[in-house]
A.B. asks: 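Let me begin by handing over the structure; questions about it come next.
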Amino acid sequence: MENTAVRNEVIVGIDPRQQSVPALAWAVDEAVRRRLPLRLVLAVPPLPGGQHIDTSWRLTMLRAQGHEALAEAVATVRALHAEVPVVTELLDGMPSAVLCQKAERARVVVVGSRRLTRPEELFSAGSVAVPVSARADCPVVVVREPEHVGERHPHLVVGVDGSESARAAVEFAVEEAALHGAALRAVWVWRRPVVSFGDEAAGLDERRRILSETVAGWAEKYPDVKITRDVVRGHPVEELALASADALLVVVGRHGRGGYSGMKLGSVVHGLLHRAECPVITVPGSRHG
């Protein structure tokens, strides 16, 4: 990732069909926490059928609807926090591709969730949350459910599995916990094998060791953030979704092998985007600055 000195915006993807007030509210709060401006981006996708009079008229109508949606989003932002600097941008192109391009200069990209089915997420032109989470080179926040701000002991959850992307997720999660004034719970979910081989006690000790190494040093850098570490047995999606029930955020690293979708998004992240009961932040595998 490039130097964060140029990553000076919180970018929000605006959907003209369904404004996500929770996503806007989260983005406004994040802009205030980080003292950054907001950029509201709305993309008008190309229409099938080539260039002719009907297509041109429909695109004009779509752009007019886009401007109206952006104006409504600005009004919502002003109602939430009048002092946040905000700019708008209406662009032509596929929404996911436009947001990924804009992510090159973003500290975070924030999108809502349209609760699409998995086939729709993979093949629909309107899919945004999954492709942006898979391809953007900055952290992506998918706000399907609001933060649990009423909790007596506010905390974030970060998933750890020993990978490079998990280390990047821990780095971002500690920073985010400090901004929230919250604690951080680092969780390694150890899958239960179909057939058990080897010494389970030794396996547990090894995971605890790697987990400790992954979070080592962050307590000194962020002394106000209380960090706890847990190794639990079970399915990662189920356990992290359960942990999300009383968390402000769940932070996970992005890693996967591409699969038939061609998107490098791990199955755990994909499952959490459906199951988590709080916003989910996906962090690319390498963060610098």
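Computed from heavy atoms alone, side chains included, the values below leave out hydrogens, waters and symmetry copies. This structure is a prediction, so every number in the text was calculated from the model and none was measured.
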A.B. asks: Passes side-chain contact (heavy atoms from CB on, under 4.5 Å), Glu176 versus Val251? Steps please.
C.D. replies: CA-CA 9 Å; Glu176 197 69 28; Val251 185; 5.6 Å; no

A.B. asks: Between Ala73 and Ile14, which heavy-atom pair has the shortest distance, and what is it?
C.D. replies: CB-CD1, 3.9 Å

A.B. asks: Atom CD of residue position Gln101 - does it have more than 12 heavy atoms of other residues, nucleotides or ligands inside 6.0 Å?
C.D. replies: no

A.B. asks: Could you give me the CA-CA distance, side-chain angles and deciding distance for Arg207 and Asp161, then say whether salt bridge (charged side-chain N to carboxylate O under 4.0 Å, His left out) is met?
C.D. replies: CA-CA 8 Å; Arg207 284 158 178 81; Asp161 63 2; over 6 Å; no

A.B. asks: Rounded to the nearest 0.5 Å, how far apart are CG of Leu24 and CD of Glu72?
C.D. replies: 11.0 Å

A.B. asks: Can you measure from CG (Leu248) to CG (Leu184) and round to the nearest 0.5 angstrom?
C.D. replies: 11.0 Å

A.B. asks: Applying the salt bridge (charged side-chain N to carboxylate O under 4.0 Å, His left out) test to Asp137, which of Arg7, Arg107, Lys102, Arg105 qualifies?
C.D. replies: Arg7

A.B. asks: Please find the pair of heavy atoms, one from Ala69 and one from Leu42, that lie closest to each other, and give the distance.
C.D. replies: CB-CD1, 3.8 Å

A.B. asks: How close do Gly162 and Trp188 get, counting heavy atoms only, and between which atoms?
C.D. replies: N-CZ3, 3.7 Å

A.B. asks: Give the intermediate values and the outcome of side-chain contact (heavy atoms from CB on, under 4.5 Å) for residues Glu30 and Val141.
C.D. replies: CA-CA 11 Å; Glu30 186 73 354; Val141 189; over 6 Å; no

A.B. asks: Establish whether Val87 and Leu91 are linked, either directly or via other cluster members, by ILVMFWY side-chain heavy-atom contacts under 4.5 Å.
C.D. replies: no

A.B. asks: Looking at Leu80 and Ala25, what are the two nearest heavy atoms and their distance?
C.D. replies: CD1-CA, 3.7 Å

A.B. asks: Could you give me the CA-CA distance, side-chain angles and deciding distance for Leu273 and Ser133, then say whether side-chain contact (heavy atoms from CB on, under 4.5 Å) is met?
C.D. replies: CA-CA 10 Å; Leu273 294 179; Ser133 296; 4.3 Å; yes

A.B. asks: Is Leu38 close to Val77 at the side-chain level, that is, under 4.5 Å between some pair of heavy atoms?
C.D. replies: yes

A.B. asks: Is Val41 close to Leu99 at the side-chain level, that is, under 4.5 Å between some pair of heavy atoms?
C.D. replies: yes

A.B. asks: Heavy atoms, side chains only, cut-off 4.5 Å: are Val12 and Val111 in contact?
C.D. replies: no

A.B. asks: Got a donor-acceptor contact below 3.5 angstrom from the Ser244 side chain to the Ala247 backbone?
C.D. replies: no

A.B. asks: For residues Gly234 and Val189, report the shortest heavy-atom separation together with the two atoms involved.
C.D. replies: O-CG1, 3.4 Å

A.B. asks: Atom CG in Leu211, atom CZ in Arg209: separation rounded to 0.5 Å?
C.D. replies: 11.0 Å

A.B. asks: Which atoms form the tightest heavy-atom contact between Gly112 and Val142, and what is the distance?
C.D. replies: O-CG1, 4.4 Å

A.B. asks: Mind checking the CD1-CD spacing from Ile210 to Glu213? Nearest 0.5 Å is all I need.
C.D. replies: 7.0 Å

A.B. asks: Given the ring of Trp26, does Arg33 sit roughly above its face, with NZ or CZ under 6.0 Å from the centre of the six-membered ring and within 45° of the axis?
C.D. replies: yes

A.B. asks: Are Val109 and Val21 in one and the same hydrophobic cluster, where Ile, Leu, Val, Met, Phe, Trp and Tyr link if side-chain heavy atoms are under 4.5 Å apart?
C.D. replies: no

A.B. asks: Please determine whether a side-chain nitrogen of the Lys or Arg among Glu175 and Arg34 lies less than 4.0 Å from a carboxylate oxygen of the Asp or Glu.
C.D. replies: yes

A.B. asks: So do Leu70 and Leu90 actually touch side chain to side chain, heavy atoms under 4.5 Å?
C.D. replies: yes

A.B. asks: Hey, are the side chains of Thr88 and His67 touching, using non-hydrogen atoms and a 4.5 Å cut-off?
C.D. replies: no

A.B. asks: Less than 4.5 Å apart, any side-chain heavy atom of Asp92 and any of Arg63?
C.D. replies: yes

A.B. asks: Measure the spacing between SG of Cys138 and CD of Glu104 and express it to the nearest 0.5 Å.
C.D. replies: 10.0 Å

A.B. asks: Hey, does Val74 have a side-chain heavy atom less than 4.5 Å from the side chain of Arg78?
C.D. replies: yes

A.B. asks: Measuring only between side-chain heavy atoms, which start at C-beta, is Val170 closer than 4.5 Å to Trp218?
C.D. replies: yes

A.B. asks: Kindly say whether His153 contributes a backbone atom to a donor-acceptor pair with the side chain of His155 at under 3.5 angstrom?
C.D. replies: yes

A.B. asks: Mind checking whether Val237 and Leu242 sit in one hydrophobic cluster, side chains of I, L, V, M, F, W, Y counted as touching below 4.5 Å?
C.D. replies: no

A.B. asks: For the atom pair NE2 (His235) and CZ (Arg191), what is the distance rounded to the nearest 0.5 Å?
C.D. replies: 4.0 Å

A.B. asks: Evaluate Val252 against Leu272 for side-chain contact (heavy atoms from CB on, under 4.5 Å), listing each step before the verdict.
C.D. replies: CA-CA 9 Å; Val252 286; Leu272 276 176; 3.7 Å; yes

A.B. asks: Determine whether a donor-acceptor pair (N or O, by modelled atom type, separation under 3.5 Å) exists between the side chain of Arg254 and the backbone of Val283.
C.D. replies: no

